[in-house]
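These notes are about the structure you will find just below.
On a predicted model such as this, the values are computed, not experimentally measured, just so you know. FYI, side chains are in, hydrogens and waters are out, and symmetry mates aren't considered; it's all heavy atoms of this structure. We name chains A, B, ... by the order of the sequence lines, and we start the count at 1 in each one.
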Amino acid sequence: MSDTDPFEQFKETFFTECREYLDEIEQELSALTPESADDESLNSIFRGVHSIKGGAGTFGFDQLIAFTHQFESVLDALRSHELDLTDDIVDVLLASSDIQVALVDAAEEGSEVDPAQVDDVVAKLSALLSGDAPAATAETPAEEDAPAEQAEAAVPDEAAEEPSVDDEEEEVDGFVVVTADAEDLGDAAGDASGSGFRIGFRPNPDMFRRANEPLLILRELEGLGEVSATADTSRVPTLEELDPEGAYLAWVIDLESDADREAVDEVFEFVADDCILEIDVLGGDTPADAETEANTAPAESADAPASAIDDPEPDEFGFVPVKATADAEDDAEQGPAEAIAPEAVASAEAEDTAASEPTPIEAVSPEPAQPATAPKEPQKPAAKPAAKAGSADKKGAMSIRVDLGKVDRLVNMVGELVISQAMLAQQVTGVSKDAAAGIAEGLDDLGLTVRDIQESVMSIRAQPVQSVFARMSRIVRDTARDVGKKINMETVGEDTEVDKTIIEHLTDPLTHMIRNAIDHGVESPEDRVAAGKDATGTITLSAGHRGGRVVIEVIDDGAGINRERVLGKAIEKGLVQPEDNLTDEEIDNLVFAPGFSTAEAVSNLSGRGVGMDVVRRNIQDLGGRVSISSEPGQGSRITMTLPLTLAVMDGMIVRVGSETFIVPLTNMIESIKPEADEIHPLVNGVSVLAKRGVYTPLVAVHELFAIPEAAIDPVEGLIVMVENESGDQAGLVVDEIIGQQQVVLKSLETNYEAVGGVSAATILGDGRVALILDVAGLCDIARTHGGEVARELARRNSEILEEAV
Amino acid sequence: MEATPETIEQAPAAQPAVVDNRSEDLAGDLREFITFTIGDLEYGVDIIDVHEIKGWTAPTRVPNAPPYMTGVSNLRGEIVPNYDLRMKFGMGTTEPNRTHVVVLVKVQGRTVGVLVDSVSDILSVPETDINPAPEGTDFAAAAWLDGLVNANGRMVSLLNLDALFGDEDVPSEMTE
């Protein structure tokens, strides 16, 4: 197996897909409560687990297969309502999901998960199953993919006829492989045993030569629903006659899906000319019958809810699709029959029936009859548009998988384009007016287009914050349980899109903030009731765009920050002086000060060993800012402001002598034109700025960087006040501020090396390189100076004392 | 320099012949070098390592870099350091203008710009004609050279880019 082994590539794809399934499962599970549980979310979890199992089967990850099988069985029992969802079961499901993640990780690394851990959860899963209807422990492979199983669960009567898939069966990675004779093929196609579609698919021998691949088709079908395929191997010649590039197999495929006929046609779109294809919509009746039945069914069954069940055609039930969707509406929650209602049940139709018929149960009973669309004539105008509408938002979103590296290259190139455009625009200003007018106009247009392109490209990297928010609901759940509080999480604006890298780095700080909010922010249920609040606390996570940045807030309705205690602790730790007159806002934000929070819970917002200063550092690493505000008794609000992307940064362009630097806007506090009496020179040419009673050490950039012809006296220039992550402040002495600009970050280390006091470089409108100042580094220097300042002051004081003596 | 056109023309013709006919025991693969001048001296770098050749533009000074690192410039969005080879060799300072040339070379996966007076030639030399650089303590720069070539009477010093610009000996600490 070389590294170009296609099998390895498939594996890679499998793991990528696994991650997506795992995320989806986690999201759905996190939101799952016995009250909110609907069939669609259970189905979606089931589908995810099932797909992982299928893939695991292909690659022979035994531990994963065994586990997902058990997991799947429980989910299956849940979605067929043999098992009722309880909080305990949700816990087991969450634990199972964790194990599943661990197993996938292990499979990817080629290792194994501690079997004891797995067995523990498997035991819990088995316990769930054994405690309930034995049918739920559907262990035989045949039932696995047999929709009849659900039908059985749903309709306890005669309908539960095992779908007799011919001959010997063996289960291979989610497909049921059956060897069947060619003659059976036609019969099998007619012998409908599933729901959705029965597809007879016989590729022409030259299909491979036309660059088509039946496997991909089968895979694609799997995307529509559950597939069980029966292979017809009768055409396979003996080895001597076998053309390695010939296609000899044919399949009868049962697709259990709520997709409409068009979606299925689409799968075969490119091979339609290269094969013999027969797609039957499963309904089991002759076209004529189906027509009449479909027309009369609603009325009929409305009169007698049981009529569908009494229907003499047992096949009818074999076809009942398993995937209920939201379209089945609230009715869907009542009886088993609706739970398995096909999406094809137009919500409109359901409503119609409900409206025209007096009893609510009837609204659901037409559904079994609904899939009776003619096998050969699937065009049923009434059912189709609704089916489409139902599935469109579910799986309809078109997307492609693109290597992140490619996107990043594109982002870079567009960055160059922006710079080139700016350069041209700048040069045009030097051209004579007449000639320039036309060019300038064209350049303006170009500029607009370029910016549009840039935005579009950036949006490719962007993802909705939903993925992180969904993870948080799990954190809320777990933490609330740990501390014995009742918390309800609400999210606002989870569709807000942010750069992928930022999303990836949001989880830790958000987790931390939420834990803090639950642990220390929200009061115990008793205290809440005593305070006249709802016993259940609310944590709101909100996201939104504001002024080209993303604002994410964590809001709790707890007790707010206990300012007295925070201030007391801060004074005790020497972070502030007792005589400092701090505003409420300043006190609140002390919780972010390094060294404030420690392992011991001191304030409403600290604890858990890691301080909020870490949160702040994480956010600042992302080029963002974080602040907190709180209202005693009403709760706290932590606000994070983040850039949309890490590739671009807001910067202030400053000039020092003949050189240009960028100061990151996130670090900048203000700029000051100092008065002569505010500058106090100290030792070694170091000065401090005295402003509003605060001494701030000055950093002479020209001196540090040995730049000639710069303003040596700060009074002649400007002081840019900056602050680093830990709150240290310094005043950078510069000649002037040129303006504010978004800059594209470029690494100096790619071709050179790290430079002290410089974090990165960028390219300005004129094509020249400008260096971006590393404020933290400069503050370090200033802090050293600050030490000198303190020593110098102490020395002078002692001199004065000596003189006095 | 009269020999220049000849050398260039010979290169393509000679190459296949060399590859096809020379027996292995002669160990004479043909190598090609771009040569450039600093003052009266001529230097060469392997053509494989040369990324491109650009006219000089003023780079952006980088604080606390060694004097021969004259700054960084923008190569289509990449930040590339520029080195004044004359200064690196201790032969004074180049006062660059628009006639000066920056040879962009690849060194250990990085791109660096080498400021020279002008590019003169492409030289095709059989491996066997490359003489080793002189060794000895009195010739400290020997480590920077890969060898010497006599090209029609001119001596061309072949540069060892790895030694020159590879593991940088630039002090990166702030002088403050």
*Could you tell me which portion of B/Val112 (side chain, backbone, both or neither) has an atom closer than 4.5 angstrom to a non-hydrogen atom of chain A?*
side chain
_Part of B/Ser73 lying under 4.5 Å from any heavy atom of chain A_ = backbone
*Do B/Pro63 and A/Val758 touch side chain to side chain, with heavy atoms closer than 4.5 Å?*
yes
*Is it the backbone or the side chain of A/Ser747 that comes under 4.5 Å from a heavy atom of chain B, or both, or neither?*
backbone
*salt bridge (charged side-chain N to carboxylate O under 4.0 Å, His left out) with A/Asp774: which residues, sequence neighbours excluded?*
none
*Which pair of heavy atoms, one from A/Tyr752 and one from B/Arg110, lies closest together, and at what distance?*
O-NH1, 3.1 Å
_Let's test your reading of the structure: which of B/Val80, B/Thr57, B/Thr60 forms the most heavy-atom pairs below 4.5 Å with chain A?_
B/Thr60
_Whether A/Asn751 side chain and B/Ile79 backbone form a donor-acceptor pair below 3.5 Å_ = yes
